[in-house]
2 protein chains.
Amino acid sequence: METTTEPGQAQDLPYNVFAKSCPSRGTLEHVTGRWGGLTLCALFEGSLRFNELRRRVDGVSEKMLSQTLHALERDGLVHREAQPTNPPRVDYELTPMGRGVAERLTGLIHFVEGQMDDVLAARRHYDETRGAL
Amino acid sequence: METTTEPGQAQDLPYNVFAKSCPSRGTLEHVTGRWGGLTLCALFEGSLRFNELRRRVDGVSEKMLSQTLHALERDGLVHREAQPTNPPRVDYELTPMGRGVAERLTGLIHFVEGQMDDVLAARRHYDETRGAL
DNA sequence: CTGTATCCTCACCGATACTG
DNA sequence: CAGTATCGGTGAGGATACAG
């Protein structure tokens, strides 16, 4: 039987991230964005409070963390649990869907970290041969 | 012996993407950047020429594709093969390391695409309950 | 066809101050 | 502690023209 599957290309999924206007593109950007990915991976190890996250994700500002968390919460990837205590305590944790994303993201990150020596070597080689030409 | 390993945090890898100044952060951003990820995934299905890539990655400009490819080539993830014909023909293909990254990236993307209905539902719910409050 | 060079805009994001 | 509001600089990135 014939699917619409081009050799090695699209599944018969209704969403295609390669298309400019596909909504999956936006979610992908939340998930792989500068802070989104690190935030999800930080939460992969367990729920964290706002300032715990802030310390864990080195370099993120309050504003960007807040913004990032809102986007991820809106996409249904992160659950926000506020306790009406004083001082306030808010815990962030992954939803099941968020865990699926974070799992794959940490896999990617660990792979990249594991290849960094080779990446750095490739960079050196590139810079040398380019500079020499 | 004491590693700097915090509970539940770092492997004993020499690189930690959570640290602001870790070089892995830069590579991660190339790989998950707006165009880097899509470019790698497009090449996962086979080598492509410049304008083939440009058409495949809907919305990318010449400038950004060129820039993205250079960064990925420098990191040793993409191999550039120029043929001295006229008109010129240049093929881009993944290196083994690039294939490792692209594999994980497409896994992530397919997962996200597969969850988009739930993501969209979550968004609707979020917007309604927030608007109503 | 495969790029590079230049200009220019806009929105990303950091810093700071303020609120509950 | 957990944020929001506002301002301003900076650089990503689009448009266009040009080059090999």
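Here the structure is a predicted model, which means the values were calculated and not measured. The analysis underlying the following values was restricted to heavy atoms, covering all of them including side chains, and did not include hydrogens, waters or symmetry mates. Just so it is clear: chains get the letters A, B, ... in the order the sequence lines come, proteins before strands, and each one is counted from 1.
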Looking at every strand, decide which applies to B:R54 at a 4.0 Å heavy-atom threshold: base, sugar-phosphate, or nothing. nothing

Any side-chain N or O of A:R49 below 4.0 angstrom from OP1/OP2 of D:dC1? no

Atom CG of A:L65 to atom P of D:dG3: distance rounded to whole Å? 8 Å

In whole angstrom, what separates A:E73's CD from D:dG3's C1'? 13 Å

Let me know the distance between CH2 of B:W35 and C1' of D:dG14, rounded to the nearest Å. 10 Å

Between C:dT6, C:dC13, C:dT2, which one does the side chain of B:K63 approach most closely? C:dT6

At less than 4.0 Å, is any side-chain N or O atom of A:S66 found next to OP1 or OP2 of D:dT4? Yes or no. yes

Using a strict 4.0 Å threshold on nitrogen-to-oxygen distance, state whether B:D91 and B:R80 make a salt bridge. no

Gap between atoms CZ and C1', on B:R89 and C:dG3 respectively (whole Å): 16 Å

Specify the separation, in whole Å, of atom CG of B:L53 and atom P of C:dG3. 10 Å

Report yes if at least one side-chain N or O of A:H70 is closer than 4.0 Å to OP1 or OP2 of D:dG3; otherwise report no. no

Please tell me if A:N86 has a side-chain N or O lying less than 4.0 Å from either OP1 or OP2 of C:dG20. no

Minimum heavy-atom distance A:V112-B:S24, with the two atoms named: CG1-O, 4.4 Å

Taking atom C1' of D:dG3 as reference, at what distance in whole Å does atom CG of A:N51 sit? 9 Å

From the options C:dG14, C:dC7, D:dC1, select the nucleotide whose nearest atom is closest to the side chain of A:P87. D:dC1

Under 4.0 Å from OP1 or OP2 of C:dA11: is there any side-chain N or O of A:R34 that close? no

Atom-pair distance (CG on B:L48; C1' on C:dG3), nearest Å: 17 Å

What are the two closest non-hydrogen atoms of B:F44 and B:L94, and how far apart are they? CA-CD1, 3.6 Å

Out of C:dA17, D:dG13, C:dT4, minimum distance to the side chain of B:E62 belongs to C:dT4

Tell me: CD of B:E29 to P of D:dG11, nearest whole Å? 14 Å

From the set D:dG3, C:dT4, D:dG20, return the single nucleotide nearest to any side-chain atom of A:R80. D:dG3

Can you tell me which nucleotide in D:dG14, C:dG14, D:dA2 comes closest to the side chain of A:F50? D:dA2

Phosphate-side-chain proximity, A:Y92 and D:dC1, N/O vs OP1/OP2 below 4.0 Å: no

Separation of B:R34 CZ from A:E29 CD (nearest 0.5 Å): 5.5 Å

What distance separates A:H110 NE2 from B:Y15 OH, expressed to the nearest 0.5 Å? 15.0 Å

Quick test of your reading of the model: are B:E45 and B:R56 salt-bridged, counting only N-O distances below 4.0 Å? yes

For A:P88 and for A:Q67, find the nucleotide of DNA chain C with the closest heavy atom, then tell me which residue's nucleotide is more 5'. A:Q67

First encountered from the 5' end of DNA chain D, between A:E52 and B:M64: A:E52

